[in-house]
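Naming: A, B, ... by sequence-line order, numbering from 1 per chain.
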Amino acid sequence: MNKIIEQIISRLFSVEQSVQLTRPDAQFGDYATNVALQLAKPLGKNPREVAEQIAEELRQTGEFSEVTIAGPGFINLRVAARSLLVNLHEQWSATYGENTDGAGKTAVVEYPSPNMAKPYSVGHLRPGNQGWAAKRLMEATGWKVITDNHLGDYGAPFGIWVVGFLKFSSEAALEKDGVYELGRVYIETKRALKDEKEQGGSDLADQVQDWLIRLEGGDEEAQAYSKRFNEISLAHIHGVMKRLKIDTQYELGEAFFAPKGKEAVRKLLTSGVATQNDDGSIIVPLDEYGFDVPLLVQKSNGAALYATTDLATILYREENWHPDRVIYVVAAEQQFYFSQLFAMAKKLGVQTELIHMWFGLIDQLNEDGTREKMSSRKGVVLMEELLDTAEAKAREIVAGRDVSDDDIKKIALGAIKFSDFAADRRTNILFDWESIFALTGFSGPYIQYAAVRVNKIIADNILETIDTIGYDYEAEKQIIAKLLEYPNVVRLAARDLEPHKVSNYLYELARELNRYYETTRVSDAESIEKAARLELLGKVSQVFTHGLSLLGIEVPTQM
RNA sequence: GCACCCGUAGCUCAGUGGAUUAGAGCACUGGUCUUCGGAACCAGGUGUCGCAAGUUCGAAUCUUGCCGGGUGUACCA
């Protein structure tokens, strides 16, 4: 439709103007455009006059049942439902909604990158969800996507583990509680280190360093500990990711890149990007990028830092995967760090587009009603606990119905994941058990339920292949119009890496469908209507499944 | 101090590249209802869109300044 208007404008005024159609309040029309207002100034004409001219041409086309002008020069359009359907049919395919914006390009998406020292907690929920959505959105827009779990498996945590294990734990406790014992030991040891530092001591800290040096030196005992603890932690991470139904192709952690850090630093020095201080530390000044502090890439004792392994990672990916862009799905706290890292990469001549797809914090409600960032100090909710609770809740809801275990898990995940996509990812999320398991209103299960209903109706009725040419589709108009919006929703969500646009859209589609059910029957309709309606519901079902899959949510068979 | 983010209904949040009368969910009240699956639908209402200026035919949206909150700010990751 916008093409038609663009052609008219080109013919009337000899200018190329892209036209955006919006969906105004139903009383004004089905579609609206403000293009006349945009054109008025450059053309030096009265906007209403411009609108009149365009409107007259639009009436001539016969495509619209009504063309009116409102206010200062808005053009409101009404279209017959049947023409909308024809429009939908022309665009329809098995991959409706997808596009080829990113064809021929490669993206690396990095998630969920948990720290291995502690058990998977709700703190890791967002990078997994948002990262998965980023991957799916990129794929849906034609990109080749490489996913990589950048595990936090290097550095001080290992030393803390060993020291803590020897001091605060036992074989029996580790045997019994596995990663949870490791997490407990890690937190307790961190606290002990803090206390020691406050008292001016360094005994424990020295031991931690000692173990790290032994590990790097290839010491057998240190390696045995490392291997054992890592195996326990990794098995746990894989287990939780499997329950969350997310995975990555690669799992190249910090430990993999750490040895490559030295070479990266050498490259920084030889290219003149970095400078060495008298104490041996190496920094990259970033004044020209607006930073008042430089980025430290090597400690005075020669050890590597986060920035070092991250730079090595960038170089490795460039060399091996040749990505056009790399998306880091990491929390908002690290915005400053990533802006420094990206500046350093740019200074070194890295061409890859580096994007920090950051997301807001997870807050908890204090007893006095104020919000505060969730922290392990105050007690985090563990991911397995969250999943167990969600599944128990879902099981309770479907009690008495014949719903499989698999479907119960899909419902639980649908609720949890959707709550992460309810708001813009940058918004801080308030974690509370009530809203994360919401089953009504703006929630994952509401949409899943709508999808299940549609599928049931499709399954229970036979679609006859009869000509529906005589059907006007007026009852289905809102649904058809909503379906027509989908490709643009996907395009915008992928462009801005904003999966919540998809969740908002799916909710609107589900609501449209529920309204439709209230007034329109399918199974006992006349055969021509029934065929037309079933065929359309099939399209709705496809969009539900597709859209939810972009969010990592599945449609249950029963619920 | 500086940098980034945020401030929209009682609460949680949408609001595309400015656009006709600012929207959802939750909560509250009433209604629909022998459900093609009611996890539904309909109705009811409250907003100085933090404050103030500016740009514009038009600002929740753009610009600037203030106020309030959050996060970060080289030898942690």
Whole-Å distance between [N] [atom2] and [X] [atom1]?
| X | N | atom1 | atom2 | result |
| --- | --- | --- | --- | --- |
| A:Q20 | B:G17 | CD | P | 10 Å |
| A:E535 | B:C36 | CD | P | 22 Å |
| A:K456 | B:G38 | NZ | P | 11 Å |
| A:E485 | B:A14 | CD | C1' | 14 Å |
| A:K530 | B:C36 | NZ | C1' | 9 Å |
| A:Q38 | B:G17 | CD | P | 13 Å |

Run the salt-bridge test on [X] and [Y] with the 4.0 Å N-O cut-off and return the result as yes or no.
| X | Y | answer |
| --- | --- | --- |
| A:E391 | A:K409 | no |
| A:D101 | A:R491 | yes |
| A:K373 | A:D363 | no |

message = So, under a plain 3.5 Å distance rule, would you say the side chain of A:N34 forms a donor-acceptor pair with the base of B:A19?
response =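 Between B:A19 and A:N34, which were checked side chain against base, a qualifying N/O pair under 3.5 Å is present.
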Expressed in whole Å, how much space separates the [atom1] atoms belonging to [N] and [M]?
| N | M | atom1 | result |
| --- | --- | --- | --- |
| B:U12 | B:G70 | P | 15 Å |
| B:C49 | B:G68 | C1' | 16 Å |
| B:G15 | B:G25 | C1' | 14 Å |

The contact string for nucleotides 21-33 of chain B, one letter per nucleotide 5' to 3', using protein heavy atoms under 4.0 Å with B, S and - for base, sugar-phosphate only and none, comes out as B--SSS-------
Per-nt protein contacts along nucleotides 69-77 of chain B (heavy atom under 4.0 Å; B base, S backbone sugar-phosphate only, - none) come out as -SSSSBBSB
Practice prompt. When you get a sec, tell me which of B:A39, B:G17, B:C13 is the closest nucleotide to the side chain of A:S18?
Written response: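 Within the option list, the nearest is B:G17.
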- Message: Any donor-acceptor pair under 3.5 Å linking the side-chain atoms of A:D402 with those of A:Q558?
- Response: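 No, A:D402 and A:Q558 have no side-chain donor paired with an acceptor closer than 3.5 Å.
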key: Geometric class of the A:F431/A:W433 ring pair [parallel <30°, tilted 30-60°, perpendicular >60°]   =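 Because their plane-to-plane angle is over 60°, the rings of A:W433 and A:F431 count as perpendicular.
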With the stacking rule set at 5.5 Å and 30°, tell me whether A:F74 counts as stacking on B:U20.
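Whether judged by distance or by angle, A:F74 passes, so it stacks on the base of B:U20.
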- Item | A:E288 CD: over 12 foreign heavy atoms closer than 6.0 Å |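 Buried by this count: over 12 neighbours within 6.0 Å.
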